[in-house]
Amino acid sequence: MSDCHGLGDCEDDRMQRIYEYVDGALSRGDLAEIKAHLDSCQECAEEHNLECLIRSVVKRSCQEAAPQTLKERILEKIGHIRESDTV
C-alpha cells in the first residue's frame with residue numbers, strides 16, 4: 001500500500017477524495033490538504049493523473065462530430081424502416 005494516511009487506508013476512500021479534488025468539490029482547506037498529499041504520495045498522484053487523463057479523453061471524444069456520410073447512411077436506413085412500417 002502507499003502512505004495514504006491523509007486520505008485513509010482504503011482505496012475506495014482515497015479514490016473518492018481524488019474525484020472530489022478533480023471535480024473541485026472540496027473546501028479550500030481540503031483542497032490544500034489533498035494537494036499536499038498528492039505532492040507526497042506517488043500512488044495517489046498517479047491515480048489523480050490517470051483520472052485527469054480519462055476525463056480529458058472522454059471530453060475530447062464527446063466533442064468529435066460524426067462524419068456526414070455516416071449521418072446520411074443512418075437517415076437513409078431510418079427512411080427505409082419507416083417506409084417498411086407503413087406498408
Side-chain angles (χ1 to χ4, degrees):
M1 204 97 208
S2 72
D3 65 342
C4 287
H5 310 305
L7 297 179
D9 293 326
C10 175
E11 188 170 324
D12 290 338
D13 289 343
R14 179 174 65 235
M15 285 308 301
Q16 184 60 40
R17 298 293 286 174
I18 290 172
Y19 295 147
E20 292 169 353
Y21 178 80
V22 173
D23 290 338
L26 299 174
S27 69
R28 217 176 259 209
D30 287 341
L31 281 171
E33 177 187 330
I34 300 302
K35 171 78 171 96
H37 180 77
L38 291 173
D39 289 343
S40 66
C41 178
Q42 184 174 346
E43 185 178 352
C44 286
E46 288 172 2
E47 293 290 340
H48 170 261
N49 292 340
L50 178 61
E51 180 63 23
C52 289
L53 177 64
I54 290 169
R55 288 175 185 223
S56 173
V57 169
V58 168
K59 183 178 179 181
R60 187 175 55 234
S61 296
C62 292
Q63 294 175 349
E64 295 176 5
Q68 185 61 33
T69 55
L70 175 62
K71 292 177 184 179
E72 291 168 0
R73 288 190 330 216
I74 291 171
L75 289 173
E76 184 178 322
K77 288 188 185 248
I78 291 171
H80 289 297
I81 292 170
R82 285 183 178 162
E83 288 174 8
S84 67
D85 283 347
T86 59
V87 173

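Since the model is a prediction, treat every value here as computed from it, not as a measurement.
- Taken to the nearest 0.5 Å, the OG atom of S56 stands 12.0 Å off from the CG atom of N49.
- The other members of the hydrophobic cluster of L53, by chain and number, are V57 (side-chain heavy atoms under 4.5 Å, ILVMFWY only).
- Listed by chain and number, the residues in a side-chain contact (heavy atoms from CB on, under 4.5 Å) with A66 are L70, K71 (sequence neighbours excluded).
- Here the SG atom belonging to C41 is positioned 9.5 Å from the CD atom belonging to E47, to the nearest 0.5 angstrom.
- Partners of L26 according to the side-chain contact (heavy atoms from CB on, under 4.5 Å) rule, which considers only residues two or more places apart in sequence or in another chain, are R17, E20, Y21, D30, L31, I34.
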Pair up each side-chain donor or acceptor in residues 72-80 with any protein partner under 3.5 Å, not counting sequence neighbours, and list the distances.
none

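- Atom CG of D85 sits about 9.5 Å away from atom CZ of R82, to the nearest 0.5 Å.
- Applying the side-chain contact (heavy atoms from CB on, under 4.5 Å) criterion to E51, with sequence neighbours excluded, gives Y19, V22, R55.
- Under the 4.5 angstrom side-chain criterion for Ile, Leu, Val, Met, Phe, Trp and Tyr, I81 has no cluster partners at all.
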